[in-house]
Amino acid sequence: MELYKFERQLRLMMLLTQNRRYTLEEIAERLDMSSRNVYRYIEAFKMAGFIVRKEGKCYFLDKSSPYFKDISSLVHFTEEEAYILKRAIESIDGTSSLKENLKEKLYKVYDYNILSEIVVRHGIADNVHNIYEAIKNKRQVKFIKYKSSHSNVIDDRIEEPFAFTANNNEVWCFEPKSGKNKIFKVSRISSVELTEVDWMFEHEHKEGYTDIFHISSNERLPIKLKMGLNSVNLLIEEFPLAEKYITQSDDNHWILETEVCRFEGVGRFVIGLLDDIEILGSDEFKLFLQKKS
């Protein structure tokens with residue numbers, strides 16, 4: 001009984017350290033317990049020295065609370081970390097109870113869509129949460145004071161967000177004013193306001209492509225690289241999702257064959273390892289590298 005109580009307290013603490021905020025009722029639903037018990041645990045945290053804040057109806061642990069940094073660092077995953085974690089769980093043979101228990105425990109605390117697709121960073125957490133809520137509920141949002149490097153203008157924009165990029169730096173939206181699908185950098189949005197307006201142009205939503213180097217666009221450029229041991233190890237360490245596109249050609253070489261949105265991302269990687277990488281095909285990419293060298 002005490003072990004079960006401790007597990008619920010730990011799960012509650014993890015929820016309260018996440019970047020998104022929850023009401024008492026939402027916490028109770030996620031932890032499958034009564035609102036009264038949630039409130040009792042929160043009061044126990046206060047007695048233990050934690051600083052529990054309340055904004056509106058939502059509760060969260062203040063960052064100045066003891067051990068907050070250590071706790072919060074355990075409950076945020078990058079998309080690559082989530083991919084590695086998911087891959088590790090799936091690699092367990094068969095359908096063992098261990099494998100299913102790991103999945104169940106992980107998904108009790110995290111919304112799997114967020115875990116596998118969204119990187120929640122502290123500086124843009126509120127914006128990410130509001131955008132995610134808009135996507136989930138199919139609502140329009142207002143981006144307040146969006147800083148556009150393309151037009152060199154800071155203004156408010158009404159958008160229909162429908163998909164994050166793999167690393168959460170950007171979000172795909174349909175813009176009713178221009179009638180176009182556009183990609184926006186979340187860090188350039190001062191704040192995100194949820195509106196009561198439902199999506200009006202869902203049939204126009206079309207997500208672009210995000211490559212393994214975290215660059216997104218509507219363009220796809222094929223690349224094929226022959227890599228030695230040093231470069232393939234560095235690539236997987238720096239960009240774990242690349243592993244899905246790598247095959248071994250012989251004992252000492254590996255082939256990366258994929259598509260990229262622009263050559264800048266893969267170019268930065270290749271330029272530092274030209275002695276260990278051979279470009280196969282793609283005269284356009286070879287020309288790009290020549291201009292950069």
Side-chain angles (χ1 to χ4, degrees), residues 2-79 81-82 105-137 139 141-147 156 161 164 167-169 171 185-196:
E2 287 299 317
L3 183 60
Y4 178 64
K5 179 180 177 181
F6 175 73
E7 181 186 359
R8 294 201 297 184
Q9 289 174 326
L10 181 59
R11 288 167 56 200
L12 172 59
M13 184 176 291
M14 294 174 72
L15 283 178
L16 294 178
T17 58
Q18 290 190 35
N19 282 312
R20 70 156 294 181
R21 309 286 168 82
Y22 297 94
T23 65
L24 205 65
E25 292 74 21
E26 288 173 332
I27 294 172
E29 182 180 354
R30 290 181 70 88
L31 299 183
D32 192 24
M33 55 195 291
S34 69
S35 297
R36 183 176 180 179
N37 278 340
V38 172
Y39 185 77
R40 285 172 51 202
Y41 287 150
I42 288 175
E43 290 300 307
F45 288 164
K46 291 180 182 178
M47 292 178 63
F50 287 93
I51 302 170
V52 182
R53 302 291 188 192
K54 185 180 180 184
E55 286 185 358
K57 295 182 178 181
C58 298
Y59 292 84
F60 62 97
L61 280 181
D62 191 279
K63 293 182 180 180
S64 61
S65 295
Y67 313 115
F68 178 89
K69 185 176 180 180
D70 293 336
I71 296 170
S72 62
S73 67
L74 296 174
V75 296
H76 301 290
F77 291 90
T78 65
E79 198 268 344
E81 288 169 343
K105 288 182 178 180
L106 187 64
Y107 302 161
K108 276 182 179 178
V109 178
Y110 298 98
D111 182 318
Y112 184 70
N113 289 324
I114 296 178
L115 176 66
S116 63
E117 299 174 4
I118 300 178
V119 180
V120 180
R121 296 185 301 159
H122 297 287
I124 58 174
D126 290 339
N127 287 351
V128 168
H129 169 60
N130 287 341
I131 293 171
Y132 175 73
E133 288 297 313
I135 293 173
K136 184 171 66 174
N137 296 304
R139 296 286 180 85
V141 297
K142 179 186 281 189
F143 291 164
I144 305 298
K145 295 182 179 178
Y146 181 77
K147 307 175 185 69
D156 298 345
F164 281 98
N167 61 1
N168 192 45
N169 286 338
V171 59
K185 290 189 177 295
V186 180
S187 61
R188 294 179 184 171
I189 308 170
S190 295
S191 61
V192 177
E193 289 185 3
L194 291 166
T195 74
E196 296 300 318

Any residue meeting side-chain contact (heavy atoms from CB on, under 4.5 Å) with Asp156, in chain and number order, not counting sequence neighbours: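 Per chain and number, Asp156 pairs via side-chain contact (heavy atoms from CB on, under 4.5 Å) with Lys142, Ile144, Lys145.
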Partner set under ring pair (Phe, Tyr, Trp, His ring centres under 6.0 Å) for Phe45, not counting sequence neighbours: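 For Phe45 there are no ring pair (Phe, Tyr, Trp, His ring centres under 6.0 Å) partners, ignoring immediate neighbours.
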Heavy-atom side-chain contact between Leu12 and Ile42 under 4.5 Å: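 Leu12 vs Ile42: side chains touch.
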Once you round to the nearest 0.5 Å, how far does [atom1] of [X] lie from [atom2] of [Y]?
X	Y	atom1	atom2	answer
Leu24	Asn37	CG	CG	10.5 Å
Ser190	Lys147	OG	NZ	3.5 Å
Phe143	Ile131	CZ	CD1	4.5 Å
Glu193	Asn127	CD	CG	11.0 Å
Ile27	Tyr59	CD1	OH	8.0 Å

Of all residues at least two apart in sequence or in a different chain, which pass the side-chain hydrogen bond (donor to acceptor under 3.5 Å, both in side chains) check with [X]?
X	value
Lys185	Glu170
Lys46	Glu43
Ser35	none

Residue list, salt bridge (charged side-chain N to carboxylate O under 4.0 Å, His left out) with Lys54, at least two apart or on another chain: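 If we apply the salt bridge (charged side-chain N to carboxylate O under 4.0 Å, His left out) test to Lys54, skipping adjacent residues, there are no hits.
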Pro161 and its side-chain contact (heavy atoms from CB on, under 4.5 Å) partner, picked from Ile135, Val192, Val186, Asn130: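 With Pro161 as partner, Ile135, Val192, Val186, Asn130 yield a single side-chain contact (heavy atoms from CB on, under 4.5 Å), made by Ile135.
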Taking every non-hydrogen atom, the tightest pair across Ala28 and Val38: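 It is CA-CG2, 3.9 Å.
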